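Given the structure is predicted, the values throughout are model-derived calculations rather than measurements.
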Amino acid sequence: MHIEKIESGPEKTRLRSEVSFIMSVLLSFLSAGITSMIVGKIIFTNPSVASTPQFIEYIGKLLAFLLFVLAAIIYLYVKGLLQDEYVTTVE
């Protein structure tokens, strides 16, 4: 096993790259929090309350917000704003 650097262009060391990395970390924590809220609400809510339109609307809004956060994370990776990373390979 060895570690090699992915060579995909010039190294990104600007402030924009650092801000993108911080944003992706914060968005990842946010998506984990939203996911845990959704799962917790679904598991621990009484069936009579879970079948109401208000509960379904609340879960739908959380799912839409989660989709938006995940799309923002993917955008940061696809746009190429993040620094080049090291990858571990098994030979």
Euclidean distance, Asn46 CG relative to Thr52 OG1, rounded to 0.5 Å: 11.0 Å
ILVMFWY network linking Val49 to Ile59, side-chain heavy atoms under 4.5 angstrom: no
Whichever hydrophobic residues join Leu67 through chains of side-chain contacts under 4.5 Å: none
Residues clustering with Ile56 (ILVMFWY side chains joined when closer than 4.5 Å, directly or via others): none
All N/O donor-acceptor pairs, side-chain side in residues 26-35, below 3.5 Å, sequence neighbours left out:
from	atom 1	to	atom 2	distance (Å)
Ser28	OG	Ser24	O	2.7
Ser31	OG	Leu27	O	3.4
Ser31	OG	Ser28	O	2.8
Thr35	OG1	Ser31	O	2.7

Pairwise salt bridge (Lys or Arg N to Asp or Glu O under 4.0 Å) hits with a residue in residues 51-61, at least two apart: Glu57-Lys61
Pairs involving residues 35-48, ordered by first then second residue, that meet salt bridge (Lys or Arg N to Asp or Glu O under 4.0 Å) (sequence neighbours left out): none
From OG (Ser20) to CD1 (Ile73), nearest 0.5 Å: 12.5 Å
side-chain contact (heavy atoms from CB on, under 4.5 Å) evaluation trace for Tyr58 with Met37: CA-CA 11 Å; Tyr58 178 72; Met37 284 176 55; 3.4 Å; yes
